[in-house]
Number of protein chains: 4
Amino acid sequence: MRKVDPEKHAARRQAILDAAKACFAKKGFHQTSTAEICAAVGMSPGNLFHYFPNKQAIIGAIVDQEGEETAAFFRDLGARDDLYGALVEFMDVVLDLAGDVDFASLALEISAEAGREPTIAARVGRNDRELRAALEQLLTDAGARGQVDPTLDIADTATWIAALVDGVFNRVAVDPDFKPENHHKTMRTLLGRYLRPQA
Amino acid sequence: MRKVDPEKHAARRQAILDAAKACFAKKGFHQTSTAEICAAVGMSPGNLFHYFPNKQAIIGAIVDQEGEETAAFFRDLGARDDLYGALVEFMDVVLDLAGDVDFASLALEISAEAGREPTIAARVGRNDRELRAALEQLLTDAGARGQVDPTLDIADTATWIAALVDGVFNRVAVDPDFKPENHHKTMRTLLGRYLRPQA
Amino acid sequence: MRKVDPEKHAARRQAILDAAKACFAKKGFHQTSTAEICAAVGMSPGNLFHYFPNKQAIIGAIVDQEGEETAAFFRDLGARDDLYGALVEFMDVVLDLAGDVDFASLALEISAEAGREPTIAARVGRNDRELRAALEQLLTDAGARGQVDPTLDIADTATWIAALVDGVFNRVAVDPDFKPENHHKTMRTLLGRYLRPQA
Amino acid sequence: MRKVDPEKHAARRQAILDAAKACFAKKGFHQTSTAEICAAVGMSPGNLFHYFPNKQAIIGAIVDQEGEETAAFFRDLGARDDLYGALVEFMDVVLDLAGDVDFASLALEISAEAGREPTIAARVGRNDRELRAALEQLLTDAGARGQVDPTLDIADTATWIAALVDGVFNRVAVDPDFKPENHHKTMRTLLGRYLRPQA
DNA sequence: TATGAATGAGAATTCATTCAT
DNA sequence: GATGAATGAATTCTCATTCAT
């Protein structure tokens, strides 16, 4: 009996986040009114604020959640031998996600907001640090096993891979003909040439 | 006498664009009020609308102008022999521009807005098509001269270079420790390995 | 068993009134939300309304309670000979109460609300009538005993003493340097000259 | 031509203040919506904010204006010989003003707000200091001329007269039967006995 | 009684844009 | 062209109160 309530609360909270994600992706954070989010969840306009103290907290929570998902992904990825393969697989997932226009738009929106709002910047910054740390770990371990060129500067390389990830999402917004699903091969070429031990 | 007016008009128009660029970079398009732009130019709120029919037209003009600047850059770049070097130089310029946080923020802002507003999307799309066309031209010519691996798919390669450009601007917003000026070398490594004719 | 419940109920009710008094004093009636009162009592927002049908009823009860306290005070005061002294003692108590900023603020708040809300005005009016009646009784009896100038108009005099009481509470809100505790002597001078039988 | 605009602006500003004073008196500051004030002035809801940055600034301006009016009153009062008479005249004016229920309610409202909002408290405090200073000047000069008991503590006496002023306005809100116009005589008795040189 | 989620009508602003001068 | 007052719709958030549990 005591367990049901928190569960419902969490479910409702998640419903808000999901609705907000869809809205923000389509109209942008500042173009989406809280009323629209409420309508999308099927909630009265005031009720939203029982779950989040203000609109900013909603993106905040979205950013945190995306960070956790990324972290979980890398946690699962860690337990394998082919670390270069893991990296490629990560980029495969990025391309898959970029195939969802909403996801890509939201990623862009979040980056843009991070450029302005310190509280968002802090969370995005943390997520980004964790992403790069995971990439660095992968590159280090892969280097130790001879799967990746050990002479590369690890931190800089991770940074450019991260840039590539951002860039893929950006492409979606900017080039309507860009179809991520057609780019797995070119991505492999690029990564392979860049990262593989040089002859 | 007849000449002075149009000149003054153009100057005033440009002043608006410059002020708007600064404002949009710092606060975002939708967070910037037309009143703020007016204050920045030193202009009355009504007067702005003698130069632009509405706020959207201001970003529209900014996007167009950036497109022209990119086009001019490539026009200048074309007249040389070392086309791979031209490509690297282009990326050098990108890194320089990314050193200006305002420029990077504005780029992000424009991409985000393109993801939503069809009229902005159209202009951004055109600019992007032209950028990729210029890159493709460079890659084709460089390939013909043996400066670049001729087996690469030209269009796809141009797309990934464009993604890299977007990604660099995104880095600035997302990672406060990213200093573009320290990344010229890694960029050269990445481009070199990716594009150079393979042994 | 049947007795405990009503006692608990009364205690809870009183706890609400006390918390509300503190809140109203600090933030004003309309600036205090029922949620704040609930938080101050440690009660859920819905539960408050088991004790009072609405927010207005809370001030209503506070006003009633203050009226009862004043009445009790005068009841105790009645049983003595020095009635002019009783009057002075009453003003001493007023000065003591005014030393509590919260009390003074609440008094002001109640007066202000009485100026607008008929249901509050009715209760405040009743209290005020009772206060003036008590003062009139004191003045009449004191006059009969030669402790107070018998030629004074009793009702008018009571009114001006009441005005003085209101004024003391008002001073606290308006003059941060006003320290009621330093004014017992001047109050005695004022009352003495005004009320004492003239030579 | 250049003069007309500022005049119109000032007139409009004053119209807002007048409307706001009426509204605040009747419903209280926090119970009055800015929309109501706008409607009362005959103004669109947004336009108000061209004249005042926010609602608080409106009461701020009202308080300032009342302060100026009081100051002007005392300036005019200064140039005469019968200073005790001047004091009585001041109280006559207070009773006249208290005859206007709106004026009295507004005075109370302002005191109540001063008890909470520091920015209002500062302005009200300044006005009150000036009022007491003017009273002290009057008492000092009257004392020097033998019109007032010179042994009275000037500052304390001014404070109690100020309390009486506050109290009169408070009476209006609290006692529906209080008619200030009937109290000029009792006021004279009170002041005379309190202040006149003692035999 | 007690809880706290839910409601929905406001509240104070804000803002792009228009328009009279 | 230039000014800045005016408009009025929209926005975020608040809050007294209700209600299911």
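Numbered from 1 within each chain, the chains take letters A, B, ... in sequence-line order. Note that this is a predicted model, so its numbers are computed, not measured.
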Pair assignment for DNA chain F - dot-bracket with | for other-strand partners, Watson-Crick or G-U under 3.5 Å = .||||||||||||||||||||

In whole Å, what is the span from the [atom1] atom of [X] to the [atom2] atom of [N]?
X: C/Glu7; N: E/dT1; atom1: CD; atom2: P; result: 13 Å
X: A/Leu48; N: F/dT11; atom1: CG; atom2: P; result: 14 Å
X: D/Asn47; N: E/dC15; atom1: CG; atom2: C1'; result: 13 Å
X: B/Ile59; N: E/dA16; atom1: CD1; atom2: P; result: 12 Å
X: A/Phe49; N: F/dT14; atom1: CZ; atom2: C1'; result: 9 Å
X: A/Gln56; N: F/dT11; atom1: CD; atom2: P; result: 17 Å
X: D/Ile16; N: E/dA12; atom1: CD1; atom2: P; result: 14 Å

What is the nucleic acid contact for A/Ser33, judged by heavy atoms within less than 4.0 Å: base, sugar-phosphate only, or nothing?
->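 Since only primed, P, OP1 and OP2 atoms lie under 4.0 Å of A/Ser33, the category is sugar-phosphate.
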
Report which part of the nucleic acid C/Tyr51 touches: base, sugar-phosphate, or nothing (heavy-atom distance under 4.0 Å, all strands).
-> sugar-phosphate

Shortest non-hydrogen separation from A/Phe103 to A/Glu66 and the atoms involved | CE1-OE2, 3.9 Å

Contact nearer the 5' end of DNA chain F, comparing C/Glu36 with D/Arg12 =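 So the residue in question is D/Arg12.
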
Output the residues of residues 110-121 of chain C in contact with DNA chain F, where contact means a heavy atom of the residue under 4.0 Å from an atom of the strand; sort by number or write none.
-> none

Mind checking the C1' distance from F/dT21 to E/dT1? Whole angstroms is fine.
->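 Looking at atom C1' only, F/dT21 and E/dT1 are 13 Å apart.
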
Pick the nucleotide of DNA chain E nearest each of D/Asn54 and B/Pro53; which residue has the one closer to the 5' end?
->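 Final value for this comparison: D/Asn54.
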
